[in-house]
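What follows is a short report on a single structure.
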Amino acid sequence: MILSLFSRKAKANEAITIALYDAIVAAARQPYFYSDLDVPDSPLGRYEMLSLHVFLFVRRIKGRSPALKAIGQEATDEFFRDVDHSLRELGIGDSGVPKRMKKLARMFYGRIESYDKALHDNDRLALVAALARNIRPDSDNWKGADLLADYVDRVVLQLESQTDDVLASGNVVFPDAGAQQAGQGREGSKQ
C-alpha cells in the first residue's frame, strides 16, 4: 500500500516535469530565433537555445520552495536526458556519448554562470556579449544578440509574474519571441 503512494507521487512529478520541459522546448524552438535572429538551425544552435531557456526557468525557481527546487532539478535532468538522446540520434556511439555529454554539461554550466552574472548585475552589455559568444562564436558582429537580450529580459519579467504554485503545477508560459520590438530592453541597464 505504501509503495502505491510513492508510485502515484512519482507519476505526478513526472507529468509536471514533462509538461514544464515541453513548454521550455517549445519556447526554445520558436521559428523567430532561427529565421529572424539568425540563430543557427543546427543541433548546436538548438542546444544553445534550449540551454538558455532551461537556465531562465531554473533561475526563476532558484531559492524558492523545496518542491520547486526538486522540479528545477528534474527539469535539468530531463534536459540532459534529451541531449543524450539527441546525440544518439545523430549517430554518436555509446563510447562517444559520455565524452560529449561532459563537454556539453561544462558548456551548460559555463553559460549559466555568465548569463546569471549579467542578469544579476543588470549588465546588458555583458549579457549581449555572452549570448553572442555562445550562440554565434563564428560571427564577430552578430546582430541578433541585442534582440535576443531583449527577449531574455521579457522572459525574466514574464516568469516572475507567474506564481510559484502555477509553476509547481506544471504550467509555465514564455513570451512570443516574434512579438518583441527592438529597443525594448531593460530599463536602467548599464550602457
Side-chain angles (χ1 to χ4, degrees), residues 1-30 32-33 39 43-89 97-98 100-122 127 130-131 134-135 148-149 151-177 186:
M1 172 136 160
I2 192 95
L3 292 177
S4 68
L5 293 175
F6 289 119
S7 176
R8 277 185 282 190
K9 185 175 180 182
K11 287 181 191 235
N13 286 345
E14 182 179 346
I16 289 169
T17 300
I18 289 171
L20 290 169
Y21 189 71
D22 286 350
I24 291 168
V25 169
R29 289 185 177 168
Q30 293 181 71
Y32 174 81
F33 299 128
V39 170
L44 193 54
R46 291 186 295 273
Y47 166 84
E48 291 295 346
M49 293 311 298
L50 185 54
S51 63
L52 175 63
H53 284 82
V54 169
F55 155 71
L56 290 167
F57 174 74
V58 170
R59 180 181 184 273
R60 161 56 181 87
I61 63 175
K62 182 180 177 183
R64 305 292 174 125
S65 71
L68 282 177
K69 181 179 178 181
I71 288 170
Q73 183 60 57
E74 290 167 9
T76 304
D77 292 346
E78 187 65 28
F79 166 66
F80 283 113
R81 279 191 292 275
D82 190 20
V83 170
D84 180 281
H85 178 75
S86 295
L87 289 174
R88 293 174 193 283
E89 281 190 338
V97 169
R100 289 207 167 90
M101 285 299 295
K102 284 181 186 177
K103 180 180 180 182
L104 291 169
R106 280 193 307 272
M107 288 170 57
F108 176 72
Y109 289 110
R111 280 144 179 75
I112 282 179
E113 188 176 325
S114 63
Y115 298 152
D116 195 44
K117 181 170 178 14
L119 289 171
H120 179 269
D121 295 346
N122 198 26
L127 179 60
L131 291 166
N134 295 324
I135 296 171
L148 187 55
Y151 172 78
V152 167
D153 289 337
R154 291 188 325 133
V155 171
V156 168
L157 291 173
Q158 186 159 336
L159 291 179
E160 278 301 323
S161 75
Q162 296 169 56
T163 67
D164 290 355
D165 290 341
V166 167
L167 296 173
S169 72
N171 295 302
V172 63
V173 178
F174 287 86
D176 176 358
R186 208 178 326 209

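The shortest side-chain heavy-atom distance between Ser51 and Phe55 does not fall under the 4.5 Å cut-off. Using a 4.5 Å heavy-atom cutoff, the side chains of Tyr21 and Glu74 are not in contact. The side-chain heavy atoms of Phe108 and Leu104, taken from C-beta on, include no pair separated by under 4.5 Å. Proximity of Asp77 to Phe80: side-chain heavy atoms (C-beta onward) are nowhere separated by under 4.5 Å. Side-chain atoms of Glu78 and Val25, non-hydrogen and from C-beta on, never get closer than 4.5 Å to each other. Side-chain contact between Leu127 and Leu119: present, with at least one pair of heavy atoms (C-beta onward) separated by less than 4.5 Å. A heavy-atom distance below 4.5 Å is not found between the side chains of Glu48 and Val39. With a 4.5 Å cut-off on side-chain heavy atoms, Gln73 and Ile61 do not count as touching.
Ion pairing between Glu160 and Arg64 holds under the 4.0 Å rule for side-chain N and carboxylate O.
For Gln162, the CD atom is densely surrounded, since the number of other residues' heavy atoms within 6.0 Å is greater than 12.
Arg154 places a side-chain N or O within 3.5 Å of a backbone atom of Asp176 that can act as its donor or acceptor partner. Without hydrogens or angle criteria, Arg60 side chain to Leu56 main chain gives no donor-acceptor distance under 3.5 Å. Looking at Gln30, its side chain never comes within 3.5 Å of a backbone N or O of Ala26 through a donor-acceptor pair.
For the residue pair Tyr115/Asn134, the side-chain donor-acceptor check at 3.5 Å is satisfied. There is a side-chain donor-acceptor pair under 3.5 Å between Ser169 and Asn171.
Ring centroids of His53 and Phe79 are separated by 6.0 Å or more, keeping the two rings apart. Taking the six-membered ring for Trp and the full ring otherwise, the centers of Phe33 and Tyr151 sit less than 6.0 Å from each other.
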Quiz item: Does the side-chain contact (heavy atoms from CB on, under 4.5 Å) test come out yes or no for Arg106 and Lys102, once each step is laid out?
Solution: CA-CA 6 Å; Arg106 280 193 307 272; Lys102 284 181 186 177; 4.0 Å; yes

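A pairwise comparison of heavy atoms in Val156 and Arg59 identifies CG1-NH1, 3.8 Å as the closest pair. Considering all non-hydrogen atoms of both residues, Val172 and Ala23 come closest at CG1-CB, 3.5 Å. Residue Ala19 comes nearest to Gly170 through the heavy atom pair CB-O, 3.5 Å, listed as atom of the first residue, atom of the second, then distance. Closest approach of Ala75 to Phe57, counting heavy atoms only: CB-CE2, 4.3 Å.
To the nearest 0.5 Å, atom OG of residue Ser65 and atom CD1 of residue Ile71 are 7.0 Å apart. Remark: Arg46 CZ to Leu50 CG distance equals 10.5 Å, nearest 0.5 Å. Here the NZ-CD1 distance, from Lys117 to Ile112, works out to 16.0 Å after rounding to the nearest 0.5 Å.
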